[in-house]
Amino acid sequence: MMRATAQLDPSGAAPDKTSLRQRSASQLWSVHETAAYLCVPEKTLYRWRYMETGPPSHRVGRYVRYVPDEVHAWVLQQP
């Protein structure tokens with residue numbers, strides 16, 4: 001089974017927005033992938049989740065996951 005994680009380049013840099021956007025909408029994003037897309041620290045996503053102000057997130061077992069289309073819609077709603 002293949003993991004739905006972003007590929008890091010050899011320098012360890014996070015994936016760019018284009019490569020994340022090209023991924024299938026049926027795949028869920030991890031906190032790491034969502035933070036890379038939004039260019040925010042992972043800790044910020046956890047804080048937003050706690051405060052219920054960030055993009056919609058979902059529990060999958062013990063993991064937090066994001067639906068890419070929901071993240072895109074949330075970004076477009078921001079002032």
Side-chain angles (χ1 to χ4, degrees):
M1 184 172 176
M2 210 177 206
R3 280 186 79 188
T5 58
Q7 297 296 319
L8 298 178
D9 68 17
S11 69
D16 63 11
K17 291 180 186 178
T18 305
S19 67
L20 286 176
R21 194 171 295 152
Q22 291 172 345
R23 295 179 63 193
S24 169
S26 65
Q27 291 182 325
L28 300 176
W29 286 350
S30 67
V31 172
H32 178 78
E33 292 166 320
T34 306
Y37 174 78
L38 296 174
C39 300
V40 299
E42 292 177 27
K43 188 174 181 178
T44 299
L45 283 178
Y46 285 114
R47 186 173 345 115
W48 287 346
R49 179 175 160 78
Y50 175 77
M51 296 173 60
E52 298 180 358
T53 59
S57 59
H58 307 277
R59 271 262 176 225
V60 179
R62 65 180 187 159
Y63 302 101
V64 175
R65 294 292 184 248
Y66 293 86
V67 176
D69 289 340
E70 292 177 350
V71 175
H72 298 307
W74 177 82
V75 168
L76 295 175
Q77 292 175 351
Q78 299 310 299

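Worth saying up front: this structure is predicted, and the values here are computed from it rather than measured. Sequential numbering from 1 along the given sequence is applied to the chain's residues.
What you find for P56 and W74 is that their closest heavy atoms are CD-CB, 4.2 Å. Taking both residues in full, the closest heavy atoms of A35 and P41 are given as CB-C, 4.1 Å, listed atom of the first, atom of the second, then distance. The shortest heavy-atom contact between E33 and L28 is OE1-O, 3.9 Å. Residue P55 comes nearest to Y66 through the heavy atom pair O-CE2, 3.8 Å, listed as atom of the first residue, atom of the second, then distance. Nearest approach of V64 to R49, heavy atoms of both residues: CG2-NE, 3.8 Å.
The distance from the CG atom of L45 to the CG atom of L38 is 6.0 Å, given to the nearest 0.5 Å. To the nearest 0.5 Å, atoms CZ (R47) and OG1 (T44) are separated by 4.5 Å. With values rounded to the nearest 0.5 angstrom, R59 atom CZ is found 10.0 Å from R65 atom CZ.
Ring pair Y37/W29 is tilted by interplanar angle, where 30° to 60° counts as tilted.
Under the 4.5 Å side-chain criterion, counting only non-hydrogen atoms from C-beta, V31 is not in contact with Y63.
When hydrophobic clusters are built by joining Ile, Leu, Val, Met, Phe, Trp and Tyr residues whose side-chain heavy atoms come closer than 4.5 Å, directly or via intermediates, V60 is grouped together with V67.
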